Protein chains: 2
Amino acid sequence: MAPTTSSAATRDRILTATTELFRRQGYNGTTLSQIVEASAATTGSIYHFFPGGKDELTAEVLRVSGAGYGELVEIVIRSALDPATGMHNAFEAAGQLMIETDFIDPCPIGTIAREVASTNEPLRLVAADVMQGWVERLAAVLVDAGIDAAQSERLASMSVTTIEGGFVMARTLKDIGPFLSAGEVVRQLIADALPE
Amino acid sequence: MAPTTSSAATRDRILTATTELFRRQGYNGTTLSQIVEASAATTGSIYHFFPGGKDELTAEVLRVSGAGYGELVEIVIRSALDPATGMHNAFEAAGQLMIETDFIDPCPIGTIAREVASTNEPLRLVAADVMQGWVERLAAVLVDAGIDAAQSERLASMSVTTIEGGFVMARTLKDIGPFLSAGEVVRQLIADALPE
DNA sequence: GTCTATATCTCGATAGAC
DNA sequence: GTCTATCGAGATATAGAC
């Protein structure tokens, strides 16, 4: 039972355009009219697909892009010989992306979360779900590599913390040096925890 | 040569109120009329002290509060027996503050930096100066404790990265667990680098 | 599902009296 | 230095034809 082709395409265009705008401008810095223009949709279409307006659209952007980032990072890590190397590769790839995009935010979720955490509880909860999901996903990879559950959870949490902080630093300084050197620390932390 | 009492008080009230609003709502989420109300000033006074409007006021908030945070952290670290313990104390204090304030942002600079990095180059540069200053300040403390210059710079950079990432996590999850456990990792990293 | 038109509100900024 | 009044622009959201 395939969805109507044109509807799906429009909804997707709206989500994609909004994600891209959020990466450059955050949540409060992005307006609906910018989304209308960038997605080549109309105000009517946006409210058709997201009757709750900007906040419902934002929640969906957080969920969809959050799941995408989590999946991407897991794939990068699992395709390496071990998770320490894999995490290192993930930092390298994100750093390369920042260089290539002139330091547009690789992932807007941390920015939006910090923007709305005290003022928009529904959106904060969505962001918290996404971030908790990242930690659990990473922890599962580390458990699969033979690290015990508690240590895996701590390392996974530290990894997400470092990635988020690294984005703040890189984007502000327009320099991936601190980001990559933080990635090297995380690589070592994971390597030290690996069995054998 | 003391400044006019009333003027200085008003200017300070504007800066303080704006910093507080930024901690809850970020840059784009805070309006001039909110600043007027919270500072008990008037539009005219704001433009009198900050002729460049919101952006000039924001730049000054970044500089003043950024210097304040840097000084505070240095004092906390230097008042401990060694910088590893001191850094641990700084994480504990920040965590305590987040609990007490229901997770209002302890420091809005990272949020604002990420909000404006792609859209407001003058403000991005101010934020970069502030952040670079933190790293240099922390590195100097580590050098004083006997760690070589290159290693001190890396550890200082990693510390700021971890603090910023920890703020994102704590504020989003409303849980200081990940923040404190990241602080424990940083404490260990510094302890391992200390001579003797 | 998509479109245009528009309602209602608030934004940042300015003017000019005091 | 501080005040009130207000500007023009642009915000989110809605209405109703198609």
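What you see is a predicted model, and the numbers here were worked out from it, not measured in a lab. Just so it is clear: chains get the letters A, B, ... in the order the sequence lines come, proteins before strands, and each one is counted from 1.
Residue A/T42 places none of its side-chain N or O atoms closer than 4.0 Å to OP1 or OP2 of C/dT2. For C/dT2, one of the phosphate oxygens OP1 or OP2 lies less than 4.0 angstrom from a side-chain nitrogen or oxygen of A/T10.
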(request) Just do the salt bridge (Lys or Arg N to Asp or Glu O under 4.0 Å) check on B/D105 and B/R24 with the steps written out, would you? (result) CA-CA 6 Å; B/D105 213 315; B/R24 289 162 212 259; over 6 Å; no
(message) I'd like to compare against my own output: the B/S/- annotation of nucleotides 11-18 of chain C with a strict under-4.0 Å heavy-atom distance to protein.
(response) SSBB----
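If you take CD1 of B/I35 and C1' of C/dT10, they are 15 Å apart, rounded to a whole angstrom. The CZ atom of A/R11 sits 14 Å away from the C1' atom of C/dG1 (whole-angstrom rounding). Following rounding to the nearest Å, B/H48 (NE2) and D/dT4 (P) show an atom-to-atom distance of 17 Å. Remark: P of D/dG10 and CD of A/E37 are 12 Å apart, rounded to the nearest angstrom.
A salt bridge does not link B/R114 to B/E164: none of the charged side-chain nitrogens sits closer than 4.0 Å to a carboxylate oxygen. Between A/E60 and A/R11 there is a salt bridge, since a side-chain N of the basic residue sits under 4.0 Å from a carboxylate O of the acidic one.
A distance-only check finds no donor-acceptor pair linking the side chain of A/R124 to the backbone of A/V116 [under 3.5 Å].
Remark: A/I99 engages A/F103, A/I176 in a side chain to side chain contact (heavy atoms under 4.5 Å, CB included) (not counting sequence neighbours).
With a 4.5 Å cut-off on side-chain heavy atoms, A/F179 and A/M169 do not count as touching.
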